[in-house]
Amino acid sequence: MKKLLPLLAFATVTMTLATGCGKKEAPDSTNATDAGGKKKLTLGFSQVGAESAWRTANSQNIKDEAAKNGVNLVFSDAQQKQENQIKALRSFVAQNVDVIAFSPVVETGWEPVLQEIKAAKIPVVLSDRSVDVSDPSLYASFIGADFVEEGRRAGKFLAEKTGGKATIVELVGTPGAAPAIDRAKGFREAIASHPDMKIVKSQSGDFTRAKGKEVMEAFLRAPDAGQITALFSHNDDMALGAIQAIEEAGRQPGKDIAIVSIDGVKGAFEAMKAGKLNCTVECNPLIGGQIMDLAQKLANHQEVPRRVVSQEGVFDQSKAEAELPSRKY
Ligand code: GZL
């Protein structure tokens, strides 16, 4: 790919943006060619949706990296609905794309469509989230974070921050999604050795700011709300919504309610700088270049690693101001 770059540098990228259900808006896009007339790699990508700042940064990076690498991207946004993803995956098979990548909104329910893709001999890359399937040959590679470790890091921070004593409410991600399941698991592992750290309420905010605010408002309306001393949010968007709810309830986010969340989006760094969020555990959305590399290798029938883990850090208030200018998402 690298040696082709000079040729492809002038290539225009045909990016067919499909609607949520994967229906193609443009004529058949899999015969795209580069400036030299060579057929380009066509990658079908089914994205979860646009539910959070993390997701929109992930989508933009995938589109940018497809353009940079001369990949013909057929992109579909499923609006967080599995049935839309399944329709999009089937439309990629019908278009006979070279490689399929997708970020599965939930872990289960993928065997039938993945069997159809396998029968069509189209290689699959899992982006960001994994699937729970019995047949490992249904996908070639999974690139994404270690969500259990992210949950552990959040729990470890909160234990240190609160001296091992906290009455915790939890904003959970999309029910059945790998990051929701695994972040919850890792967080509970990390606080298990602190008997005075108790999760008293746990409810899904579906990874969105609006739902995160709504659920936190309900937590704060309950008769025992005064006991809440900490919030663990599975992503920054729900945490930012919760911060709004906490302030509207007359309490001080980041002070009388300690808050730890996950993603590391710019909004989280701004909230930490304002003293309203105590920590964000980074989850890197900028994996588009690695996805294009995996897709190219698979199209060339080359070996690819079964698992690629994104590298990430942990950022608390003390680092927020210095780090903010260099944040890319
Ligand atoms: C994590 C990703 C999650 C983010 C959320 O890799 O799947 O989905 O944490 C996003 O912000 O909605």
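Excluded from the calculations below are hydrogen atoms, water molecules and symmetry mates; all remaining heavy atoms, backbone and side chain alike, are included.
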Is [X] reaching over with its side chain to a backbone N or O of [Y], donor-acceptor style, under 3.5 angstrom?
| X | Y | value |
| --- | --- | --- |
| Ser141 | Val125 | no |
| Glu150 | Arg183 | no |
| Gln85 | Val105 | yes |
| Asp256 | Arg251 | no |
| Asn72 | Thr42 | no |
| Trp54 | Asn235 | no |

When you compare the side chain of [Y] with that of [X], does any pair of heavy atoms fall below 4.5 Å?
| X | Y | value |
| --- | --- | --- |
| Phe232 | Ile191 | no |
| Val93 | Ile100 | yes |
| Arg90 | Val113 | yes |
| Phe207 | Val48 | no |
| Arg209 | Gln244 | yes |
| Asp237 | Glu51 | no |
| Lys273 | Leu324 | yes |
| Phe147 | Lys185 | no |

Modelled atom types, side-chain donor and acceptor of [X] and [Y], under 3.5 Å:
| X | Y | result |
| --- | --- | --- |
| Ser318 | Asp316 | yes |
| Ser261 | Asp236 | yes |
| Ser103 | Asp128 | yes |

Hey, is [X] close enough to [Y] for a salt bridge, meaning N to O under 4.0 Å?
| X | Y | result |
| --- | --- | --- |
| Arg152 | Glu149 | yes |
| Lys87 | Glu83 | no |
| Glu65 | Lys68 | yes |
| Lys201 | Asp224 | yes |
| Lys118 | Asp135 | yes |
| Arg327 | Glu282 | yes |
| Glu323 | Lys319 | no |

Applying side chain to side chain donor-acceptor pair (under 3.5 Å) between Gln47 and each of Ser59, Ser76, Ser127, report the one that passes.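 Only one option passes, and that is Ser59.
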I need the single residue from Glu247, Glu270, Gln317, Gln252 that forms a side chain to side chain donor-acceptor pair (under 3.5 Å) with Lys276. Which is it?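 Going through Glu247, Glu270, Gln317, Gln252 one by one, the side chain to side chain donor-acceptor pair (under 3.5 Å) with Lys276 is satisfied by Glu247 alone.
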Taking atom [atom1] of [X] and atom [atom2] of [Y], what is their separation to the nearest 0.5 Å?
| X | Y | atom1 | atom2 | result |
| --- | --- | --- | --- | --- |
| Asn69 | Leu43 | CG | CG | 10.5 Å |
| Leu158 | Thr229 | CG | OG1 | 7.5 Å |
| Ile262 | His234 | CD1 | NE2 | 7.0 Å |
| Ile287 | Met292 | CD1 | CE | 9.5 Å |
| Leu73 | Lys40 | CG | NZ | 10.0 Å |
| Ser204 | Leu171 | OG | CG | 8.5 Å |

Testing the basics here: between [X] and [Y], what is the closest heavy-atom pair and its distance to 0.1 Å?
| X | Y | result |
| --- | --- | --- |
| Pro285 | Ala57 | CG-CB, 4.1 Å |
| Arg307 | Asp146 | NH2-N, 4.1 Å |
| Ala245 | Lys213 | CB-O, 3.7 Å |
| Gly164 | Asp196 | O-CB, 3.4 Å |
| Glu189 | Val148 | OE2-CG1, 4.0 Å |
| Asn278 | Gly254 | ND2-O, 3.1 Å |

Cationic tip of Arg306 above Tyr139 ring, under 6.0 Å, 45° of axis: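 Judged by the rule (NZ or CZ under 6.0 Å from the ring centre, within 45° of its axis), Arg306 counts as positioned above Tyr139.
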Should Ile246 and Val169 be regarded as members of a common hydrophobic cluster, given that ILVMFWY residues are connected when their side-chain heavy atoms come within less than 4.5 Å of each other, either directly or indirectly?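 Looking at the clustering, Val169 is in the same group as Ile246.
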Hydrophobic clustering (ILVMFWY, side-chain heavy atoms < 4.5 Å, transitive) - are Val215 and Ile168 grouped together?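 Ile168 does not cluster with Val215.
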